[in-house]
Peer 1: 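Handing you a structure now.
The sequence lines fix the lettering, A, B, ..., with proteins before strands; numbering per chain opens at 1. For the numbers below, each heavy atom of this structure counts, side chains included, while hydrogens, waters and symmetry mates do not.
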Protein chains: 2
Amino acid sequence: MTPATSPTAVPAPTSVEPAARRRARRGEGDRTREAIISAAEALLTASGSEDAVSIRAVADAVGVTPPSIYRHFPDKAHLIFEVCARHFDAIDAALVQPILRAGGDPVEALAELARGYVRFGVENPEHYRIMFMGHADHTPGMYASERVLETGSFGGTAQLVQRAIDAGRLRADAGDAVLVTYVIWAALHGVVTVAVSKPNMPAPPLDAQVDAMIDTLLHGLLA
Amino acid sequence: MTPATSPTAVPAPTSVEPAARRRARRGEGDRTREAIISAAEALLTASGSEDAVSIRAVADAVGVTPPSIYRHFPDKAHLIFEVCARHFDAIDAALVQPILRAGGDPVEALAELARGYVRFGVENPEHYRIMFMGHADHTPGMYASERVLETGSFGGTAQLVQRAIDAGRLRADAGDAVLVTYVIWAALHGVVTVAVSKPNMPAPPLDAQVDAMIDTLLHGLLA
DNA sequence: CGCGTTTACGTAACGCTGTTCACTCAAGTG
DNA sequence: CACTTGAGTGAACAGCGTTACGTAAACGCG
C-alpha cells in the first residue's frame, strides 16, 4: 500500500466504486463519516480535480444519498478541507518530525526539508491547491491561517531557522527568525505553486529549481 | 451619482447595472464584445470573486441574454482569461517597460520591478488567482504557459538578470540566466500567492516581506 | 414486552450554474 | 424585390450545493 518511492505519499486511495451498504447502527455514524472521507479522498486523487469531488459523486461512491453527507459535514468545504488536512498531518509526521528529531546541521536540515516539502506539493497538487491556493472566503475558518502557521512545514522551518540562528550560522542582518522563516517558506511555496498551476511550463527540472532556490537563499546572488 | 431617468440614457461603460441596449448593427458585434469584457471586468473587481462573474450576471449587466455571450466567446474561461490578460498587458506597459527603458543599475531595477510586481498582484488578487493559480485543465491553451513566459514581469526579469550578468554583478556560480530568473520570479510569485490566498495570515508587512526576499536572494543568508 | 426518543438516512425539491438547440429579427447586398 | 448573414432570444438540459421534511431502525427505560 505504501509506495516506497516517496516518504511524502499519503494514505490509501480505497475504491471509487459504489458500495453495498447496510444502514449504520446507532453509535456507528462515524464509520459512515470515515467512508465519506475515504471516498472523497479517492475521488480527489483519482481525478486530480476538485470538480470531480461533487457531493453526489461522493454519495454514490459511499452508497448513500447526497443529503446524508450533510449529517456528517456542515458543507462541502469542510469535507474537502478535512481530506486535505489529513494529508498535511501525514507530511508532518513522515517528513518534518523526523528531520527535526535527527538534529543534524540545521542548514542541511533546512535544505532537506525544502526538498521534501516541494516534492510533497507536486505529488499532491490538488490537495496543495485546495489548502494553499484557494479563495480565503471559501476556506473554513479553522483552516484559514492556523494550518499554515502550525503546519509541520512552516513550524518545522521556523524551528530549524532558530537553530541556525542560535548556532551563529546566519548573517547578523538577515532579519529575525520570523521574517527569515517567512522568506524561505514563501519562496518554496512559489516553486510549488507554479509547478502545480502551470505543469506544462517549459521550466528547469524541479530538483534544479529547488537546489537553485535553496542555494540562492543561503548564499545569495551578488558577487 | 446622477440618477439617469431618461429612457435613452447612455449606459455607463464600467457599470455593473443593467443597460439599455439597441441591437448592434452588422459590423458592430465587436462593440458588444467589448461591453461584455467591460461588464465582466467590473463584476470581477467589484465582487473580488470569480464566482460572481457568472454568464448570467455578465449578460444582465450588458443587457443581453446568456446565449449571446457565446457568439463572442467560446466559453466562460476564454472570457474571463481575456479580462485578466488585459490587466497583465497593462502592468507590462505601465511598470515593466518603463523600468527596462530607464536602463539604470540592473540590480536596483530588479528590486524595483519586484516591488511593483508584488504590489500589482495583491492589488488585483482575483485576476492574479485566475491567471496564475488556477487548474491547468481549466486554462485556455493560449494562456497556459505563454503568458507566464512572455509576460512583462517574467520577460522583464529575464532581461534585467541578463544585464546584471553582463555587468558582472552576479556570482559566477549563480547559474545561468534562465535559472536565476526562474528563482527570482518563483520567489516573488510565492509572496504574492500567499498574500492573495491567505490575506488574514499574521505575517510581516508586505513591504518587509518583499524587501527581505529581495535582500535574501541577492545577498543570501549565511554568514 | 412496548413506548418514546434518538440517530441515520431517503425523497423531493429549490435555485443556481455553464452550455446548446432551434428560432427570430434586422440589416446589408445583388 | 429576394437572399444571405450577423446578432440576439426563448426554452431547455444536465449538473451543482443545499434544504425541508418524512421515515425506518436501533437503543434506553418502564
Peer 1: Starting from P on C/dT7, measure out to CZ on A/Arg33 and report it in whole angstrom.
Peer 2: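 It is 16 Å, rounded to the nearest whole Å.
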Peer 1: Looking only at heavy atoms, which two atoms of B/Ala40 and B/Val83 are closest? And how far apart?
Peer 2: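 In this case the closest contact between B/Ala40 and B/Val83 is CB-CG2, 3.9 Å.
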Peer 1: I want to verify a distance call: between C/dT19, D/dT9, D/dT18, whose nearest atom is closest to the B/Thr65 side chain?
Peer 2: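 Among the listed nucleotides, the one closest to the side chain of B/Thr65 is D/dT9.
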Peer 1: Under 3.5 Å, side chain of B/Asp30 to main-chain N/O of B/Arg33, donor-acceptor pair present?
Peer 2: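 No, the answer is negative, given that no donor and acceptor are paired below the 3.5 Å cut-off.
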Peer 1: Between P on D/dC16 and NZ on B/Lys76, what's the gap in Å once rounded to a whole number?
Peer 2: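 Taking atom P of D/dC16 as the reference, NZ of B/Lys76 is at 16 Å.
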Peer 1: Taking only the side-chain heavy atoms of A/Arg56 (C-beta and beyond), determine which of C/dG18, D/dT9, C/dA13 contains the nearest atom.
Peer 2: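 The nucleotide sitting nearest to the side chain is C/dA13.
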Peer 1: Can you measure A/Phe73 atom CZ to C/dA8 atom P for me and round it to whole angstrom units?
Peer 2: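 Rounding to the nearest Å, CZ of A/Phe73 and P of C/dA8 are 13 Å apart.
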Peer 1: Please check: side-chain N/O of A/Arg129 versus main-chain N/O of B/Gly134, any donor-acceptor pairing under 3.5 Å?
Peer 2: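 Present.
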Peer 1: Between the base of D/dG6 and the side chain of B/Arg71, is there a donor and acceptor pair under 3.5 angstrom?
Peer 2: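 It does not, because no donor-acceptor pair links the side chain of B/Arg71 to the base of D/dG6 below 3.5 Å.
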Peer 1: Round to a whole Å and report the spacing from CD of A/Glu50 to P of D/dC16.
Peer 2: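 Rounded to the whole Å, the gap is 13 Å.
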Peer 1: Quick one: does B/Ser197's side chain have a donor or acceptor within less than 3.5 Å of a partner on A/Phe132's backbone?
Peer 2: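 Answer holds: yes.
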Peer 1: Between D/dG10 atom P and B/Asp60 atom CG, what is the distance in whole Å?
Peer 2: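 Rounded to whole Å, this separation is 12 Å.
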Peer 1: Look at the aromatic rings of B/His87 and B/Phe120 and report parallel, tilted or perpendicular, splitting at 30° and 60°.
Peer 2: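 Geometry flag for B/Phe120 against B/His87: tilted rings.
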Peer 1: Rounded to whole Å, how long is the line connecting atom NE2 of A/His78 with atom C1' of D/dT18?
Peer 2: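 For the pair A/His78 NE2 and D/dT18 C1', the rounded distance is 15 Å.
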Peer 1: Using the side-chain heavy atoms of B/Ser54, tell me which of these nucleotides is nearest: D/dG17, C/dG18, C/dT19.
Peer 2: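 Per side-chain heavy atoms of B/Ser54, the pick is C/dG18.
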Peer 1: Establish, with yes or no, whether the OP1 or OP2 oxygen of C/dC9 is under 4.0 angstrom from a side-chain nitrogen or oxygen of A/His72.
Peer 2: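 Answer yes for this pair, as a side-chain N or O of A/His72 is under 4.0 Å from OP1 or OP2.
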Peer 1: Whole angstroms only, please: what is the CG-C1' distance between A/Asp51 and C/dT19?
Peer 2: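 In whole Å, C/dT19 C1' lies 15 Å from A/Asp51 CG.
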Peer 1: A/Ile36 CD1 to C/dA8 P: how many Å, rounded?
Peer 2: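 In whole Å, C/dA8 P and A/Ile36 CD1 are 11 Å from each other.
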Peer 1: For A/Pro74 and for A/Ala57, locate the closest nucleotide of DNA chain D by heavy-atom distance; then report the residue assigned to the nucleotide nearer the 5' terminus.
Peer 2: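 With A/Pro74 and A/Ala57 compared, the 5'-side residue is A/Ala57.
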Peer 1: Taking only side-chain nitrogens and oxygens of A/Ser68, does any of them come within less than 4.0 Å of OP1 or OP2 of C/dG10?
Peer 2: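 So the side-chain polar atoms of A/Ser68 do come within 4.0 Å of the phosphate oxygens OP1 or OP2 of C/dG10, strictly under.
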Peer 1: Between C/dG10, C/dC21, D/dT18, spot the one nearest the side chain of B/Pro67, thanks.
Peer 2: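 Output: C/dC21.
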